[in-house]
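All values below were derived from every heavy atom in this structure, side-chain atoms included, with hydrogens, water molecules and symmetry-related copies excluded.
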Amino acid sequence: MDTNSKLSNNTAVILVSHGSTLPYAEEVFNEIKEKFIKKTGIATEIGYMKVSQPTIAGAVDILKEEVDGLNKIIAIPVFLAPGIHTNIDIPILLGLDPLEEDPRCPDGNYPPEHYLSIADDVDFDGEIELLSSIGPRDELLNIIDKRINEVLSESELDESAKTGILLVTHGSRLNYNKEFATELYNKFEKTCDLPSSFGFMELCGPSIPESIDKLVSENDLERLVVVPVFIAPGMHTTHDIPHILGFLEGHSHSHDHGHDHSHDLTPVDFDGEILYPEPIKADDILIDILIKMLDE
């Protein structure tokens with residue numbers, strides 16, 4: 001598939017990410033960008049919503065320098081599910097109209113310290129096209145299966161151990177994330193022979209502890225594989241979820257995500273083995289998904 005042949009030489013791509021206080025996410029997204037460029041040949045830059053660099057406006061400036069006569073930018077949100085970030089924040093940061101009213105600030109007048117208030121304006125006279133989020137694509141199941149097999153190969157228990165699978169996503173104030181997780185899980189359940197369920201880290205239910213309690217009690221499990229359905233490692237995957245799983249006893253949740261909500265990090269009660277694989281990261285399957293989104 002020669003994606004570049006279908007696009008003008010005056011077109012570039014921004015891969016939009018959230019940004020993280022930890023370095024892991026930037027490392028992953030740099031790898032995603034390099035793989036994407038290698039497969040497509042398209043001028044591409046990462047644009048972070050906040051915290052990390054370059055910003056979305058900064059990414060536009062970089063591409064203007066890189067591409068002579070740049071007249072179109074295609075922004076791909078590297079987010080699994082739609083939500084406040086993809087429907088409100090990213091459009092605003094790109095200088096576009098938000099796709100819906102912001103429940104955090106219905107009048108659109110954000111506080112002076114809010115990241116939407118302090119962000120630089122995009123300086124670009126050409127067209128900016130914003131694509132949708134990745135969504136519950138079938139290809140994601142291949143990545144999930146790969147991660148499950150990777151950690152099962154490292155298990156201290158033998159193949160006869162009663163094993164369950166839990167898919168974990170972030171959660172959202174809007175219903176989109178729950179719809180994404182539900183649809184993805186429904187697809188996964190049809191392909192998985194083991195007892196399984198899904199849970200949310202915050203903002204909606206069922207929570208991770210609730211899902212684990214139900215899954216364990218109904219199936220008398222000895223081993224549990226908890227799959228973080230996240231793109232890149234960050235505070236949630238390296239601190240919050242491991243704490244809920246009991247890996248970080250005594251962990252104090254004093255770090256700041258820049259969120260205006262709290263986290264319930266009550267550890268789960270499970271005496272069996274818990275396996276916790278890596279998130280999606282720069283898997284080649286993800287790169288193919290992003291290219292497919294561009295072609296579509």
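Nearest heavy atoms, I88 versus P98: CA-CB, 4.1 Å. Here the shortest heavy-atom pairing between S20 and V51 reads O-CG1, 3.3 Å. The minimum heavy-atom distance linking G171 with C204 is given by the pair CA-SG, 3.8 Å. Heavy-atom minimum distance, S196 versus F188: CB-CE2, 4.0 Å. The minimum heavy-atom distance linking E150 with S153 is given by the pair O-OG, 2.5 Å. Pairing each heavy atom of S133 with each of F79, the nearest pair is CB-O, 3.3 Å.
Counting only residues at least two apart or in different chains, salt bridge (Lys or Arg N to Asp or Glu O under 4.0 Å) contacts with residues 174-192 comprise D138-K187. Among residues at least two apart or in separate chains, salt bridge (Lys or Arg N to Asp or Glu O under 4.0 Å) pairs with a member in residues 23-32 are E31-K35. Counting only residues at least two apart or on different chains, the salt bridge (Lys or Arg N to Asp or Glu O under 4.0 Å) pairs with a member in residues 115-125 are K64-D123.
Counted within 6.0 Å of CD on E127, heavy atoms from surrounding residues, nucleotides or ligands total more than 12; the atom is thus considered enclosed. Within 6.0 Å of atom NZ in K146, more than 12 heavy atoms from other residues, nucleotides or ligands are found, so the atom counts as buried in its surroundings. The environment of E159 atom CD is sparse: at most 12 non-hydrogen atoms of other residues, nucleotides or ligands sit within 6.0 angstrom. Residue-environment remark: CD (E296) exceeds the threshold of 12 foreign heavy atoms within 6.0 Å.
Following chains of ILVMFWY side-chain contacts shorter than 4.5 Å, one can reach L96 starting from I56, so the two form part of one hydrophobic cluster. Cluster membership check: L99 does not share its hydrophobic cluster with L116, using side-chain heavy-atom separations under 4.5 Å among Ile, Leu, Val, Met, Phe, Trp and Tyr. Residue I42 is grouped with residue L131 when hydrophobic side chains (ILVMFWY) are merged at heavy-atom distances under 4.5 angstrom, including chains of intermediate members. A single hydrophobic cluster is seen to contain both L194 and V227, as judged by linkage of ILVMFWY side chains at heavy-atom distances under 4.5 Å, directly or through other members. When hydrophobic clusters are built by joining Ile, Leu, Val, Met, Phe, Trp and Tyr residues whose side-chain heavy atoms come closer than 4.5 Å, directly or via intermediates, I285 is grouped together with I291.
Exactly one residue among D288, D295, D284 makes a salt bridge (Lys or Arg N to Asp or Glu O under 4.0 Å) with K39. That residue is D288.
Using a 4.0 Å cut-off between a side-chain N of Lys or Arg and a carboxylate O of Asp or Glu, D89 and K50 do not qualify as a salt bridge.
Checked by atom type and distance alone, the side chain of Y276 never pairs as donor or acceptor with a backbone atom of P228 at under 3.5 Å.
By the salt bridge (Lys or Arg N to Asp or Glu O under 4.0 Å) test, E129 is found to be paired with K72, residues two or more places apart in sequence or in another chain being considered. Not counting sequence neighbours, the partners of D220 by the salt bridge (Lys or Arg N to Asp or Glu O under 4.0 Å) test are K162. Contacts of D102 classified as salt bridge (Lys or Arg N to Asp or Glu O under 4.0 Å), with partners at least two apart in sequence or in another chain: R104.
In this pair, Y185 and F198 present their aromatic rings tilted. The plane angle is within the 30 to 60° band.
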